[in-house]
Every structure is written in C-alpha cells, then in structure tokens.
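Quick notes on the structure that follows.
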Amino acid sequence: MRACLRLGRDAVISHETALAVHDLSDTNPARINVTVPGGRREQNGILSIHEGAVPPGDREDRDGWRVTTVERTLADVASSTSSQEHLTQAVREALANEVITPRRLRNRASGLSDRAALRLERAVSTAVEEIQ
C-alpha cells in the first residue's frame with residue numbers, strides 16, 4: 001500500500017488489487033492497480049496506474065491509504081480486460097458475503113459502458129442463480 005502513499009493523497013488501490021484487499025477473489029495480481037485523478041496511465045514492473053476520479057463515496061480509508069469500495073471495484077473490473085469468469089467469481093463472493101446486493105450492482109451497471117454493463121449484469125445473473 002506504499003504505492004498509494006508514493007503516488008499522493010488522491011491515489012486509490014483499485015481493480016484486481018482491490019479485489020484482493022476485499023478478499024473477493026483468489027487472484028494474485030502481478031501489478032498493483034492504482035487509480036489517480038488526472039494522472040497518467042502507465043505500467044511498470046509493479047504498478048498499473050489508471051486515470052480517473054474516485055469520489056469519496058467510491059472509496060474507503062484504511063490506515064493512511066485508500067481502496068475502492070466493493071461496488072466501485074466490481075465496476076472497475078467489469079470495465080477492464082479481466083475474464084468474465086474472474087468477474088463472476090468476484091461478484092459471487094461479494095453477494096454470498098452480503099457486502100453488496102444485486103440491485104446495487106445492476107444500478108451501477110447502468111452508468112457503465114455498454115460492454116462493461118453487459119459483463120456486470122451477466123456476472124450478477126450467473127452469481128444469483130448459483131447462490132440460490
């Protein structure tokens with residue numbers, strides 16, 4: 001989490017790294033994903049920096065660093081190149097642990113690109129079927 005500290009106060013752990021922080025996936029990302037406002041999108045040996053605003057309602061403060069909320073994290077992963085299976089697993093775990101509801105995820109999907117919304121809605125539908 002030093003990555004957030006190094007990149008500044010507005011840096012937020014996000015995407016697959018946030019899934020790991022929230023314990024929603026068995027993934028072990030090769031890079032630390034961090035979102036910074038108005039920053040640059042770059043990748044190097046350990047960081048994958050994403051550009052974008054993360055408003056206060058989309059992040060949680062943790063002992064001097066920040067991480068995206070579960071809802072924002074799943075939306076970010078739906079918008080990324082992660083596999084559908086990986087996204088569905090994360091959604092399934094979030095729903096099973098009752099840290100998010102299908103309704104909130106479907107509402108969030110309405111603000112995403114068509115591709116990301118479809119991926120998130122598909123993950124929610126599949127997860128709900130598997131949990132019931």
Side-chain angles (χ1 to χ4, degrees):
M1 302 321 138
R2 289 185 191 130
C4 277
L5 299 174
R6 192 178 84 169
L7 290 172
R9 209 184 141 130
D10 294 326
V12 182
I13 297 294
S14 61
H15 295 75
E16 286 77 10
T17 307
L19 284 179
V21 169
H22 291 297
D23 199 24
L24 294 178
S25 174
D26 59 5
T27 189
N28 186 9
R31 294 188 176 98
I32 299 169
N33 291 273
V34 181
T35 298
V36 295
R40 63 216 176 276
R41 186 180 178 107
E42 71 178 50
Q43 293 185 6
N44 64 34
I46 60 169
L47 295 177
S48 181
I49 299 176
H50 306 271
E51 180 180 347
V54 182
D58 279 352
R59 65 180 184 238
E60 300 172 1
D61 291 323
R62 305 261 182 116
D63 295 326
W65 51 278
R66 295 175 175 166
V67 62
T68 52
T69 61
V70 169
E71 182 178 334
R72 170 65 184 258
T73 298
L74 294 170
D76 285 345
V77 172
S79 299
S80 75
T81 59
S82 290
S83 71
Q84 183 67 41
E85 179 181 317
H86 180 69
L87 174 61
T88 301
Q89 175 192 4
V91 168
R92 182 184 319 109
E93 291 183 28
L95 294 175
N97 293 331
E98 298 180 349
V99 295
I100 193 84
T101 64
R103 173 180 268 173
R104 284 189 60 189
L105 288 175
R106 287 185 173 119
N107 286 342
R108 184 63 176 235
S110 67
L112 300 176
S113 70
D114 289 346
R115 176 187 167 277
L118 179 62
R119 285 171 38 87
L120 188 54
E121 289 171 7
R122 185 177 296 146
V124 170
S125 295
T126 301
V128 167
E129 286 178 21
E130 291 175 357
I131 291 170
Q132 293 178 343

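Predicted model only: the values in this text are computed from it and were never measured.
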Any [X] side-chain heavy atom under 4.5 Å of [Y] side chain:
X	Y	value
Ile131	Arg92	yes
Leu19	His86	yes
Val91	Leu105	yes
Arg31	Ile46	no
Arg106	Ser125	yes
Ser14	His50	yes
Val77	Glu16	yes
Arg108	Arg72	yes

With hydrophobic residues grouped by side-chain heavy-atom distances under 4.5 Å, do [X] and [Y] end up in a single group?
X	Y	answer
Val12	Val70	no
Val128	Leu118	no
Val67	Ile100	no

Practice item. Scan side-chain atoms only and decide if Glu85 and Gln89 contain a donor-acceptor pair under the 3.5 Å cut-off. Key: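 Note: Glu85 and Gln89 side chains miss the donor-acceptor criterion.
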
Between [atom1] of [X] and [atom2] of [Y], what distance do you get to the nearest 0.5 Å?
X	Y	atom1	atom2	value
Glu51	Thr35	CD	OG1	10.0 Å
Ser80	Arg119	OG	CZ	6.0 Å
Ile49	Asn33	CD1	CG	10.0 Å
Glu71	Asn107	CD	CG	8.0 Å
Glu93	Leu74	CD	CG	10.5 Å

Point to revise | Over 12 foreign heavy atoms within 6.0 Å of CG, Asp114 | key: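 Check fails, neighbour count at 12 or below.
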
Check your understanding: Under 6.0 Å from the CZ atom of Arg115, do we count more than 12 heavy atoms belonging to anything else shown?
Key ->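 Yes, the 6.0 Å shell around CZ holds more than 12 heavy atoms from other groups.
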
Is a side-chain donor or acceptor of [X] paired with a backbone partner of [Y] at a separation under 3.5 angstrom?
X	Y	answer
Arg59	Val54	yes
Thr126	Ala123	no
His22	Thr68	yes

For [X] and [Y], which heavy atoms make the closest approach, and how far apart are they?
X	Y	value
Leu47	Val34	CD2-CG2, 4.3 Å
Gly57	Thr69	O-CG2, 3.6 Å
Ala117	Ala109	CB-O, 3.2 Å

